[in-house]
Protein chains: 2
Amino acid sequence: MANEPEIPTNRTPTLTDVAKLAGVSIATASKAINGRSEVRATTRVRVLEAAELLSFAPNALARGLLSGRTGTVGLLTSDLEGRFSIPILMGAEDAFGAGQVSVFLCDARGDAIREKHHVRALLSRRVDGLIVVGSRTDARPPLAGNIPVPVVYVYAPSSDPADVSITVDNVGGGQLAIEHLLACGRRNIAHITGEPGFQAARDRAEGAAAALASAGLSMTGGRPYYGTWDESWGRAAAHMVVEHHPEVDAIFCGSDQIARGALDVLRDLGRNVPGTTSVIGFDNWEVISAHSRPRLTSIDMNLKQLGAIAGQRLFEAIDGGVPTSEEFPSRVVMRESTLPVG
Amino acid sequence: MANEPEIPTNRTPTLTDVAKLAGVSIATASKAINGRSEVRATTRVRVLEAAELLSFAPNALARGLLSGRTGTVGLLTSDLEGRFSIPILMGAEDAFGAGQVSVFLCDARGDAIREKHHVRALLSRRVDGLIVVGSRTDARPPLAGNIPVPVVYVYAPSSDPADVSITVDNVGGGQLAIEHLLACGRRNIAHITGEPGFQAARDRAEGAAAALASAGLSMTGGRPYYGTWDESWGRAAAHMVVEHHPEVDAIFCGSDQIARGALDVLRDLGRNVPGTTSVIGFDNWEVISAHSRPRLTSIDMNLKQLGAIAGQRLFEAIDGGVPTSEEFPSRVVMRESTLPVG
DNA sequence: CTGAAAGCGCTTACAG
DNA sequence: CTGAAAGCGCTTACAG
């Protein structure tokens with residue numbers, strides 16, 4: 001009777017344990033487990049059974065040390081709280097999740113020091129690449145220091161045009177909103193939006209103005225109503241618009257929260273939506289847009305898709321490719337607040 | 001003149017490079033960099049300068065291979081989309097972020113297969129521990145398979161009482177809500193909440209009933225109005241309550257969205273809040289609670305703190321401690337919707 | 001087809 | 001105080 005090799009007890013099993021149990025060398029065990037062809041079928045089976053029996057999971061650290069590839073990626077976000085980061089992060093996670101890549105999540109909380117600290121930690125862990133997720137569309141300074149791995153910026157582009165940035169076409173989004181309202185037969189369109197310090201606010205307004213100009217129209221009120229990104233501004237501004245420009249028949253709002261405020265005020269004032277006045281929002285934030293009265297038509301920036309693209313581009317770069325920056329279009333998600341009135 | 005050691009060009013620098021540049025052995029370089037005492041001060045300085053010059057970052061994989069500790073932790077969530085996971089995740093990230101620990105984020109999308117896949121990957125990467133974040137308070141089955149590292153469950157407890165679970169006291173939360181309304185002088189209190197299939201709905205209702213009973217009162221309408229977790233149910237139920245029980249002077253809602261719907265209907269019906277009817281929500285979801293008319297008092301489950309505690313408990317367990325399950329209280333965040341009327 | 005040996009980048013006794 | 005050597009768990013030429 002052959003010596004029965006002992007099965008290790010509490011230690012995490014290693015290749016050596018598997019090899020011993022299968023009665024082969026660790027080299028052969030390695031080949032069998034990695035599906036190399038130079039292994040006899042019966043040997044392979046024996047190794048695989050041993051591995052199964054021990055619940056052997058190859059040590060990714062050891063592999064990474066050898067190969068120089070860790071199969072990990074760093075996801076650097078500036079605010080987890082913000083609702084823009086999450087869908088992007090999900091998209092990126094999806095792009096990676098399918099394969100063998102794990103994601104390190106780091107929230108820098110908008111602090112450059114903390115960001116540097118996280119980057120250092122990630123590089124220490126030898127991530128294969130980095131995705132930097134911004135929470136507003138304004139360009140941000142590129143990662144500080146010499147980064148020896150590919151980096152892809154999402155939503156917020158890097159201010160260095162040489163970097164790869166995946167962004168939303170907010171000018172196009174503004175145009176889209178106006179074109180939808182025009183298609184619904186609207187002609188007197190006001191624009192209520194958030195803080196002018198945000199590139200997103202300016203871009204959307206620019207797109208809106210351009211689309212109106214193309215139709216030979218101008219914004220009701222003469223210019224955008226800039227304010228804050230919340231409901232109370234939506235309410236206040238909607239009041240003003242209706243009071244000063246009772247002919248208004250549509251309002252394009254720079255965010256769903258603003259639109260929600262506008263909707264509530266129009267309701268208070270007895271103006272039928274969409275009958276008398278159509279309202280379109282921006283962000284398509286379901287919790288807001290899908291539960292208002294009436295439910296809100298909104299521009300969707302396809303953030304999840306944006307994150308997925310960023311993930312793919314990062315892969316390409318890791319594999320030696322040279323991806324380029326891209327700007328993606330948004331889309332209209334139609335609900336009751338802009339129903340064309342027959 | 002001494003030989004000038006060459007500085008490596010495009011390769012990521014290793015300890016060997018640092019040692020060469022500093023003119024010492026890698027053993028000495030290692031000690032210098034790790035702050036060991038057995039190194040002459042001048043030598044240490046030389047090594048540190050060399051490391052600085054090369055932007056040397058020690059390879060965490062190599063270190064992990066040696067020490068058996070990777071300084072990484074897996075964060076397993078079932079739905080990133082859900083608003084409960086995010087604050088918990090932030091809290092956990094905070095708990096780790098300070099130190100040297102990096103977090104792997106995995107979203108299982110509520111799919112057991114995917115969860116298993118993620119766990120396998122994480123164990124392959126030799127995480128030191130796992131945090132499992134649930135998105136509802138119902139107990140979940142423990143992680144499948146033999147997990148050789150500590151696991152802490154948050155929000156959703158493991159169904160195995162031997163596991164460590166950090167949860168919210170939802171019964172207590174329901175009590176808290178009612179006690180607050182009683183303190184505001186209310187006596188005719190209705191409870192509108194979400195799906196009875198959710199433990200959270202049942203627990204909060206139980207706490208509410210208990211608190212009312214202690215005060216010698218019973219729920220207006222005789223029992224909770226179970227429905228769905230959204231605004232439209234809040235609206236529909238508020239209508240019913242007011243119609244059938246016009247004496248109602250307060251409504252405890254099982255979520256802020258429900259409360260928002262109730263608030264809107266009370267406004268439509270011309271019932272003053274908080275004058276005639278007080279409203280309290282649950283979740284303290286700022287985007288809803290801080291922007292309604294009037295702004296909504298709500299129960300806050302301290303989710304971020306919950307995540308931080310989970311992180312700390314995981315640390316303890318990793319360090320050989322034996323943490324126990326804990327249930328944490330919520331708190332009232334007061335806004336205008338329950339202002340005591342003088 | 002199989003296995004001994006070298007080596008990925010580091011740390012840690014152990015000599016000197 | 002310093003350095004040669006062993007070793008963490010694995011993969012990959014290279015002999016046999």
Side-chain angles (χ1 to χ4, degrees), chain A residues 5 8 11-48 50-51 54-72 100 121 123-128 148, chain B residues 5 8 11-48 50-51 54-72 100 121 123-128 148:
Chain A
R11 222 166 20 76
T12 303
T14 71
L15 229 209
T16 305
D17 299 319
V18 175
K20 227 175 251 167
L21 185 57
V24 298
S25 72
I26 61 164
T28 299
S30 171
K31 287 167 198 155
I33 282 172
N34 290 296
R36 294 259 174 289
S37 56
E38 340 83 286
V39 183
R40 202 196 313 177
T42 58
T43 308
R44 180 188 310 283
V45 170
R46 214 151 18 102
V47 171
L48 260 24
L54 299 177
S55 313
F56 171 73
N59 187 323
L61 301 181
R63 281 183 162 173
L65 201 51
L66 266 303
S67 70
R69 283 274 187 102
T70 55
T72 62
Q100 301 287 28
L123 293 179
S124 238
R125 301 195 188 288
R126 298 297 188 261
V127 291
D128 297 329
Chain B
R11 222 166 18 76
T12 301
T14 70
L15 229 209
T16 307
D17 298 321
V18 174
K20 228 175 249 167
L21 185 59
V24 297
S25 71
I26 60 164
T28 300
S30 171
K31 286 167 199 155
I33 282 172
N34 290 297
R36 294 259 172 291
S37 55
E38 341 82 289
V39 183
R40 201 195 314 175
T42 58
T43 308
R44 180 188 309 283
V45 170
R46 213 148 24 99
V47 171
L48 259 23
L54 299 177
S55 315
F56 170 74
N59 187 324
L61 301 182
R63 282 184 162 171
L65 200 51
L66 266 303
S67 69
R69 283 273 186 105
T70 55
T72 61
Q100 301 286 29
L123 293 179
S124 237
R125 300 194 188 290
R126 298 296 187 262
V127 292
D128 297 330

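Here is how names work: the chains are called A, B, and so on, in the same order as the sequence lines, proteins then strands, and each is numbered from 1.
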inquiry  = So that I can compare with my own list, what are the stems of DNA chain C, taken as at least three consecutive Watson-Crick or G-U pairs with distances under 3.5 Å?
reply    =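 Stem list for DNA chain C: C:1-3 with D:14-16, C:5-12 with D:5-12, C:14-16 with D:1-3.
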
Output one line per pair: protein atom, nucleotide atom from nucleotides 12-16 of chain D, and distance, for all N/O pairs under 3.5 Å.
residue : atom : partner : partner atom : Å
D:dT12  : OP2  : A:Arg36 : NH2          : 2.8

[X] (side chain) donor-acceptor with [Y] (main chain) under 3.5 angstrom:
X	Y	answer
B:Arg46	B:Ala41	no
B:Thr70	B:Arg126	yes
B:Arg44	B:Ala32	yes
A:Ser124	B:Pro58	yes

query = Given D:dC10, is OP1 or OP2 found less than 4.0 Å from the side-chain N or O atoms of A:Thr16?
reply =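 No, A:Thr16 has no side-chain N/O under 4.0 Å of OP1/OP2 on D:dC10.
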
query = Between A:Ser25 and C:dG3, is there a side-chain N or O to OP1/OP2 distance below 4.0 Å?
reply =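 Result: yes.
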
request  = Go through the structure and list residues passing side-chain contact (heavy atoms from CB on, under 4.5 Å) with A:Ser67, not counting sequence neighbours.
outcome  =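 Here the qualifying residues are A:Arg69.
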
task = Using the side-chain contact (heavy atoms from CB on, under 4.5 Å) rule, pick out the option among B:Asp17, B:Val18, B:Leu15 that qualifies with B:Ile26.
result =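 Exactly one candidate clears the test, B:Leu15.
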
Nearest-angstrom distance from the residue atom [atom1] of [X] to [atom2] of [N]:
X	N	atom1	atom2	value
B:Arg46	D:dC1	CZ	P	14 Å
A:Lys20	C:dG3	NZ	P	14 Å
B:Arg11	C:dG9	CZ	P	7 Å

inquiry  = Among residues at least two apart in sequence or on other chains, which ones pass side-chain hydrogen bond (donor to acceptor under 3.5 Å, both in side chains) with B:Arg40?
reply    =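 Here no residue qualifies.
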
Non-neighbouring partners of A:Arg63 that pass side-chain hydrogen bond (donor to acceptor under 3.5 Å, both in side chains), sequence neighbours left out =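 Partners of A:Arg63 by the side-chain hydrogen bond (donor to acceptor under 3.5 Å, both in side chains) criterion, ordered by chain and then number, come out as A:Asn34.
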
key: Minimum heavy-atom distance B:Gly68-B:Asp128, with the two atoms named   =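 Shortest heavy-atom contact: O-OD1, 4.2 Å.
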
request  = Identify whether any heavy atom of B:Ser67 sits under 4.0 Å from a base atom; if not, whether one sits that close to sugar-phosphate; answer base, sugar-phosphate or nothing.
outcome  =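 No contact at all - B:Ser67 keeps every heavy atom at 4.0 Å or more from the nucleic acid.
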
Verdict with reasoning, A:Phe56 to A:Ile33, per side chain to side chain contact (heavy atoms under 4.5 Å, CB included) = CA-CA 10 Å; A:Phe56 171 73; A:Ile33 282 172; 3.7 Å; yes

request  = For residues A:Arg125 and B:Thr72, determine if any side-chain heavy atom of one lies less than 4.5 Å from a side-chain heavy atom of the other.
outcome  =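 A:Arg125 reaches B:Thr72 side chain to side chain.
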
key: Contact list for DNA chain C against residues 56-65 of chain B - heavy-atom distance below 4.0 Å   =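 B:Phe56, B:Pro58, B:Asn59, B:Ala62, B:Arg63, in order of number.
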
